[in-house]
Amino acid sequence: MKEKKKKLPDVMVCDTDDGWLYTETVKDHFFHPRNILLDDTGYEADGIGLVGSAACGDMMLVWIMVDPKTERITDCKWRTFGCASAIASTSMMSVMVTENGGMSLKDAVHLKPQHILARLGGLPERKFHCSVLGQEALRDAVENYYSRKSKETEKDDR
Ligand code: FES
């Protein structure tokens with residue numbers, strides 16, 4: 001009888017038998033990240049969000065374009081020094097906020113890492129925090145959009 005081969009983890013922890021597997025959706029978004037922006041020269045975003053720190057490597061930048069009439073996100077770009085899980089989850093987040101005519105800013109600030117994980121088919125538990133990076137940078141970008149807008153309104157009122 002043929003012996004069934006044990007599926008090897010995608011990632012092995014050094015010197016142990018421990019490891020973890022990623023879903024096919026996570027691997028797809030990691031190997032083919034959507035909406036990544038490696039060079040932002042000339043990209044004029046309506047809102048920019050930044051979380052984390054380059055010093056420890058977990059930095060995430062998110063740029064959004066917003067339709068001022070509908071207050072929906074028309075474009076979402078990002079860049080990170082984070083790991084595979086951060087790349088996959090932010091890639092998925094960028095799809096979620098721009099699909100179906102774009103997410104409203106109101107809904108975007110309420111987007112939770114759990115919503116992103118559901119679309120990815122999950123992440124290993126120890127990688128959950130990586131999905132928070134993109135979501136927090138998105139929230140920061142929305143706040144930045146509102147702050148820019150209120151400064152413009154103040155300028156117009158003078
Ligand atoms: Fe730091 Fe994933 S972003 S471990």
Side-chain angles (χ1 to χ4, degrees), residues 5-66 71-148:
K5 246 187 169 179
K6 193 180 161 204
K7 193 165 185 200
L8 288 172
D10 292 318
V11 176
M12 293 291 293
V13 177
C14 296
D15 303 328
T16 71
D17 283 341
D18 196 15
W20 62 87
L21 287 162
Y22 289 114
T23 67
E24 289 307 314
T25 311
V26 170
K27 286 187 219 172
D28 178 37
H29 278 265
F30 171 56
F31 289 119
H32 312 284
R34 323 309 198 256
N35 302 309
I36 194 164
L37 185 65
L38 298 177
D39 179 7
D40 57 309
T41 320
Y43 187 82
E44 304 229 351
D46 297 319
I48 301 174
L50 173 67
V51 294
S53 134
C56 67
D58 283 4
M59 195 174 99
M60 178 69 70
L61 255 165
V62 164
W63 295 266
I64 54 168
M65 300 282 251
V66 177
E71 295 220 312
R72 285 182 177 275
I73 297 173
T74 56
D75 197 21
C76 176
K77 301 278 191 244
W78 58 276
R79 183 165 73 222
T80 188
F81 294 115
C83 69
S85 300
I87 292 170
S89 53
T90 311
S91 170
M92 178 56 89
M93 179 204 78
S94 71
V95 169
M96 291 169 75
V97 300
T98 52
E99 67 191 359
N100 305 321
M103 191 177 275
S104 70
L105 295 177
K106 257 190 198 160
D107 289 344
V109 292
H110 291 113
L111 185 73
K112 299 224 171 350
Q114 288 85 346
H115 300 139
I116 302 166
L117 292 185
R119 288 281 296 264
L120 287 172
L123 274 177
E125 213 177 301
R126 70 180 86 191
K127 289 289 174 182
F128 177 82
H129 70 278
C130 313
S131 66
V132 175
L133 277 180
Q135 174 258 340
E136 284 186 346
L138 172 69
R139 197 175 290 182
D140 199 43
V142 173
E143 278 170 21
N144 179 249
Y145 168 79
Y146 282 129
S147 142
R148 287 179 185 199

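Computed over heavy atoms, backbone and side chain alike; hydrogens, waters and symmetry mates excluded. For ligands, and for the atoms within them, numbers begin at 1 and follow the listed sequence.
For the pair Ile87 and Pro33, the minimum side-chain heavy-atom distance is below 4.5 Å. Val97 places a side-chain heavy atom less than 4.5 Å from the side chain of Leu138. Residues Leu61 and Trp78 have side chains not in contact (no heavy-atom distance under 4.5 Å, counting atoms from C-beta outward).
Every pair passing side chain to side chain donor-acceptor pair (under 3.5 Å) that includes a residue from residues 103-114 is listed here, sequence neighbours excluded: Ser104-Asp107.
Ligand 1 is surrounded by Asp58, Gly82, Cys83, Ala86, Lys127, His129, Cys130, Leu133, each with at least one heavy atom closer than 4.0 Å.
Here Asp58 pairs with nothing under the side-chain hydrogen bond (donor to acceptor under 3.5 Å, both in side chains) rule; sequence neighbours left out. For Val109, the side chain to side chain contact (heavy atoms under 4.5 Å, CB included) partners are Arg139, Val142, not counting sequence neighbours.
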